[in-house]
*Asks:* 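Before we start, here is the structure in question, set down as structure tokens.
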Amino acid sequence: MNRFLAVLLLLALPIMAGCGQKPAETTPAEPAATPAVDTAAAPAAQLLEKSLYDEGPRAAEGAVDAAMAAAGEKLFATKGCIACHTYGKKMTGPDLKGVTHRRTALWLEHQIMHPEVMTKTDPIAHALMAESNNVQMLNLHLTQPEARSLIEYFKKLDRAK
Ligand code: HEC
């Protein structure tokens with residue numbers, strides 16, 4: 001390509017020189033063959049065979065942060081989670097009792113913050129949705145600290161004997 005441009009320039013020089021005082025017309029900057037434009041959109045969300053977030057200890061194994069758990073208790077009621085979830089009974093969403101023994105903290109964080117991505121890509125969330133009459137959990141746009149507070153609250157409930 002560089003050689004092609006060099007040749008083009010060599011050919012254009014005498015023409016430009018012959019133009020006298022007229023400003024030289026710019027030679028076409030377009031290379032002869034423009035590289036193919038990558039129009040492919042981001043790959044569609046794919047259901048993975050294995051969860052990316054299910055490795056390691058279950059959430060309940062870590063110590064409970066009491067202040068975060070208290071904040072989480074309030075968030076659970078004020079952010080709308082109680083419309084679909086409770087502890088000890090399945091409603092529209094799964095029964096959350098024991099959820100921190102079933103899942104890792106990372107998995108829970110992703111489920112709370114990006115439920116619509118999780119049901120499409122994460123096999124555990126995908127199966128849960130199938131078990132929930134295909135109801136998609138709402139993305140309530142929680143921040144990461146909010147999600148983590150909720151997880152502390154669930155841990156506290158699961159560890160209380
Ligand atoms: C519209 C009903 C609805 C709301 C509101 C909702 N969820 Fe869910 N939730 C579901 C459903 C249904 C699932 C199962 C996955 C799916 O179908 O999206 C689920 C799954 C979960 C799970 C995984 C449960 C398990 O057994 O692993 C957690 C944790 C959870 N939700 C927490 C929350 C929290 C925290 C909130 C509030 C910020 C919330 N959900 C709001 C319906 C809801």
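FYI, the numbering just counts along the sequence from 1. Computed over heavy atoms, backbone and side chain alike; hydrogens, waters and symmetry mates excluded. Just so it is clear, the model here is predicted, and its values are computed rather than measured. Counting starts at 1 for both ligands and their atoms, in listed order.
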*Asks:* Going by the atom numbers of ligand 1, which of them fall below 4.0 Å from some non-hydrogen atom of L150?
*Replies:*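 Matching atoms, with element in brackets: 35 (C).
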
*Asks:* What's the shortest distance from atom 26 (O) of ligand 1 to any protein heavy atom, and which residue and atom give it?
*Replies:*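 The answer is R102 NH2, 2.9 Å.
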
*Asks:* ring-ring contact (aromatic ring centres under 6.0 Å, His included) with F76: which residues, sequence neighbours excluded?
*Replies:*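 Result, ring-ring contact (aromatic ring centres under 6.0 Å, His included) vs F76: Y153, F154.
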
*Asks:* Just to confirm my output: which protein heavy-atom neighbour is closest to atom 12 (C) of ligand 1, and how far is it?
*Replies:*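 The closest heavy atom on the protein side is V135 O, 3.3 Å.
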
*Asks:* Examine ligand 1 and decide if any of its atoms is less than 4.0 Å from a heavy atom belonging to A83.
*Replies:*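 No, that is not the case, since the closest heavy atom of the residue is not under 4.0 Å from the ligand.
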
*Asks:* List every atom of ligand 1 that sits less than 4.0 Å from any heavy atom of G80, numbering the atoms from 1 in the order shown and giving each element.
*Replies:*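 That gives atoms 5 (C) of ligand 1.
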
*Asks:* Answer yes or no: are there more than 12 heavy-atom neighbours, outside K90 itself, under 6.0 Å from its atom NZ?
*Replies:*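 It does: K90 NZ has more than 12 such atoms within range.
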
*Asks:* Would you mind telling me if ligand 1 is within reach of the side chain of Y153, the backbone, both or neither, using heavy atoms under 4.0 Å?
*Replies:*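 The answer is neither.
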
*Asks:* Distance below 2.8 Å from atom 8 (Fe) of ligand 1: how many protein N/O/S atoms qualify?
*Replies:*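 That number is 2, waters not included.
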
*Asks:* Looking only at protein heavy atoms, which one is nearest to atom 29 (C) of ligand 1, and how far off is it?
*Replies:*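 Nearest neighbour among protein heavy atoms for atom 29 (C) of ligand 1, to 0.1 Å: L108 CD2, 3.6 Å.
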
*Asks:* How close does the nearest protein non-hydrogen atom get to atom 27 (O) of ligand 1, and which residue and atom is it?
*Replies:*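 Atom 27 (O) of ligand 1 sits closest to the protein heavy atom R103 NE, 2.6 Å.
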
*Asks:* I want to confirm something. Looking only at heavy atoms, which of L142, T78, V99 is nearest to atom 25 (C) of ligand 1?
*Replies:*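 The residue whose heavy atom sits nearest atom 25 (C) of ligand 1 is V99.
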
*Asks:* In terms of atom number and element, which parts of ligand 1 are under 4.0 angstrom from non-hydrogen atoms of S132?
*Replies:*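 That gives atoms 12 (C), 14 (C) of ligand 1.
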
